[in-house]
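Computed over heavy atoms, backbone and side chain alike; hydrogens, waters and symmetry mates excluded. Below, chains carry the letters A, B, ... as their sequence lines are ordered, and counting in each starts from 1.
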Amino acid sequence: MKIKAALPKGMRDFLPKDVVRRQYITQIIREVFELYAYQAIETPVMENLNTLTGKYGEEGDKLLFKVLNSGDYLSKTDDQILQAKDSRKLTAQISEKGLRYDLTVPLARYVVQNQNDLSFPFKRYHIAPVWRADRPQKGRYREFYQCDADVIGSESLYNEVELMQIYAKVFAKLNLEVKIKYNNRKILLGLMQSIGLEGKETEGIAILDKLDKIGLDKVIEEYKALELNDANLSLLRKLLETNDVSLLPTSDMLELGKKELAFLDKFKPENAFFDLSLARGLDYYTGCIFEVASTEYEIGSIGGGGRYDNLTEMFGKSDLTGVGISFGLERIYDVMEALNRFPENLNASSKLLLVHFSEANQNYAFQALNSLRDAGIHAEMYPDLVKFPKQLKYANDKNIPYVAIVGDKEMEQGLFALKNMETGEQQELGLDRLISFLKSH
RNA sequence: GUGGUUGUAGCUCAGCUGGUUAGAGUAGUGGUUUGUGGUUCCAUUGGUCGGGGGUUCGAAUCCCCUCAUCCACCCCA
């Protein structure tokens, strides 16, 4: 029976030429992370479901990929729940693992679990895929890579500044123009509280976040629906129009937020800007928050992050604050692709193909391969005995720049006919000269 | 979860208002006197026209359902 070759929704294959380009991006990110003294870690793709749930808000919980228990999982379920077809309760009984939704929550778990072996402040980076059961669309996939750098156990705001510098440096190296936006959850929370939205802070912050999309008037309308008085409504309007922190009311929370903001204002990179309407949906942020968007191509945010004070507390260790940023690889890729910013010379192929006409030729060529590879030249021999044009076509399709022809003539003279696949030029060289030629071209 | 779009050969698509054995390009394979590709020419493989049901003498084409896809909303990288 023939089954249809297909992938699950929102997941993709990558061709060799795609992988080279993805690695070009991650390599730059990795280098900058290491320059700033972050160390790589790895964690499993699966976490216990109770590690993941409740960290990303209600929406986030819905978007978790859950993994079915092994074995005869149905035999252990409650009959009543099974009969009632209650998916949520049943899920809890048949699934105890899930795919990670981001790299931050697993980090919190990791830090608590491995605290004895880590030195704090712990600066780590992690480049790996995450999964969200979202509906795919442009720039949104169900499997995508995040590239994270976080500092755990340091409340210094220099960390925030460094992280913004990392954003600036990486995107500069990628030749992309971006705008780094920052804000502070304390400002947002304090503001909501001071305008009479105690208990409804999250709701109020979510409205702010829509400013870009629906405009100021509609934002104010939505606040009106929350029964704000006129004084507070006009205050909000003014704040959003001017983005001016000095207009903020006074409260303990707000003063704290303003102080933190002032620090960032002082040390921030040139392309970073305070934005009062920046909110970010992830539930765990408590201090500074960041988001990066391309100024050249519309695709949503290509990076985000912030400070989280209570994430390790959920795993039983308090007083361990963290701050981090994330790069979204596929969106950065899409921007690079759309703007044609990948270097021309990225090539996944070898430099040389050895072609031949007989088994004797192959024997001879295969031995030469060893010397070529010992010299560090990426080389391959066409493995099968096929017609000559077909071997050339292979080199051509794979974008291999040079072909060395090994026929009886060449064997007798101990030479290789080196052909430049672009110009068609051919020259006869001994093995030593072949190697030195390829090394210098 | 809501709204829209599109589903025809491995890939990109054409098939007009329903009418004979469903086409093209490209890729694949075989040849073009067997040591020169990208750039000759010829031949050839490959499709239950997303799936199911209905209307009709007759459906890729019309209607209904369903699945998938892409896009937008929600939210996010």
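In this structure, A:Y141 reaches the bases: a heavy-atom distance under 4.0 Å links it to at least one base atom across the strands shown. In this structure, A:G139 reaches the bases: a heavy-atom distance under 4.0 Å links it to at least one base atom across the strands shown. At a threshold of 4.0 angstrom between heavy atoms, the contacts of A:Q137 include nucleobase atoms, whether or not backbone atoms are also involved. Note on A:K419: a base of the nucleic acid sits closer than 4.0 angstrom, heavy atoms only. Counting non-hydrogen atoms under 4.0 angstrom, A:S301 reaches the backbone sugars and phosphates but no base.
Here the nucleotide nearest the side chain of A:K138, chosen from B:G37, B:C75, B:C71, is B:C71. With B:C71, B:A77, B:G37 as the choices, the nucleotide that has an atom nearest any side-chain atom of A:M421 turns out to be B:G37. The side chain of A:K393 sits closest to B:G28 out of B:A77, B:U69, B:G28. Candidate nucleotides B:U2, B:C74, B:G38 were compared by shortest atom distance to the side chain of A:N396, and B:G38 ranks first. Distance from the side chain of A:L392 is smallest for B:U36 among the nucleotides B:U36, B:U69, B:A77.
Between A:R280 and B:A77, a side-chain N or O to OP1/OP2 separation shorter than 4.0 Å is present. Within the 4.0 Å cut-off from OP1 or OP2 of B:G30, not a single side-chain nitrogen or oxygen of A:K387 is found.
Surrounding CD of A:E337 are more than 12 heavy atoms belonging to other residues, nucleotides or ligands, all under 6.0 Å away. By the neighbour-count criterion of 12 heavy atoms within 6.0 Å, atom OH of A:Y145 is sparsely surrounded, having that number or fewer from other residues, nucleotides or ligands.
As a whole-Å value, the separation of A:D134 CG from B:A72 C1' is 13 Å. Going from atom CG of A:D334 over to atom C1' of B:C76 covers 15 Å, rounded to whole Å. The CG atom of A:D397 sits 8 Å away from the C1' atom of B:G38 (whole-angstrom rounding). Rounded to whole Å, the distance from CG on A:L329 to C1' on B:C76 is 16 Å. Rounded to a whole Å, the CG atom of A:D209 is 11 Å from the P atom of B:A77. Rounded to whole Å, the distance from NZ on A:K210 to C1' on B:C76 is 15 Å. Atom OH in A:Y382 sits roughly 15 Å away from atom C1' in B:U36 (whole-Å rounding). The distance from atom CG of A:L103 to atom C1' of B:A77 is 11 Å, rounded to the nearest whole Å.
One side chain, A:D102 or A:Y284, offers a donor N or O that lies under 3.5 Å from an acceptor on the other. Side chains of A:S358 and A:N361: a donor on one and an acceptor on the other come within 3.5 Å. Between the side chains of A:D148 and A:Y38, no donor-acceptor pair is found at a separation under 3.5 Å. A donor-acceptor contact under 3.5 angstrom links the side chains of A:N159 and A:S154, judged on distance only. For the residue pair A:E160/A:Y182, the side-chain donor-acceptor check at 3.5 Å is not satisfied.
Remark: the separation of the C1' atoms in B:G1 and B:C63 is 28 Å, to the nearest Å. Taking atom C1' in both B:A72 and B:U6, one finds a spacing of 15 Å when rounded to whole Å. The same atom, C1', is picked in B:U66 and in B:U20; the two are 32 Å apart, to the nearest Å. Remark: the separation of the P atoms in B:U56 and B:U44 is 41 Å, to the nearest Å. Straight-line distance between the P atoms of B:U69 and B:U32: roughly 46 Å, to the nearest whole Å. Distance noted for atom P between B:G46 and B:G19: 26 Å (whole Å). Taking atom P on both B:U39 and B:G51, the two are 36 Å apart, rounded to the nearest angstrom. Spacing between B:G23 and B:U45 at atom P, rounded to whole Å, works out to 12 Å.
In this entry B:A43 has B:U29 as its Watson-Crick or G-U wobble partner, both defining distances falling under 3.5 Å. Pair assignment for B:G58: none, as no Watson-Crick or G-U wobble contacts are both less than 3.5 Å. Across all strands shown, B:A24 is found opposite B:U12 as a Watson-Crick or G-U wobble partner, with both distances under 3.5 Å.
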**OP:** Report the C-alpha separation of A:L82 and A:L74 in whole Å, then their side-chain angles, then the decisive distance to 0.1 Å, and conclude whether the side-chain contact (heavy atoms from CB on, under 4.5 Å) test is met.
**Re:** CA-CA 9 Å; A:L82 202 54; A:L74 263 191; 3.9 Å; yes
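For A:R140 against B:C71, no side-chain N or O and base N or O form a donor-acceptor pair under 3.5 Å. A donor and an acceptor atom never sit less than 3.5 Å apart when one is taken from the side chain of A:R135 and the other from the base of B:U69. A donor and an acceptor atom never sit less than 3.5 Å apart when one is taken from the side chain of A:Q391 and the other from the base of B:U36. A donor-acceptor contact under 3.5 Å is not formed by the side chain of A:R132 with the base of B:C75.
Judged by closest nucleotide on RNA chain B, A:K390 is the one of A:K390 and A:T423 placed further toward the 5' end. Comparing A:E422 and A:F144 against RNA chain B, the residue whose closest nucleotide sits nearer the 5' end is A:E422.
For the salt bridge (Lys or Arg N to Asp or Glu O under 4.0 Å) test with A:D134, the passing option among A:K9, A:R142, A:R140 is A:R140; the others fail.
Using the six-membered ring where Trp is involved, A:Y364 and A:F416 have ring planes that are parallel, under 30° apart on the 30 and 60° scheme.
Residues of residues 399-418 of chain A that place a heavy atom closer than 4.0 Å to RNA chain B, in numerical order, are A:I405, A:G407, A:D408, A:K409, A:E410.
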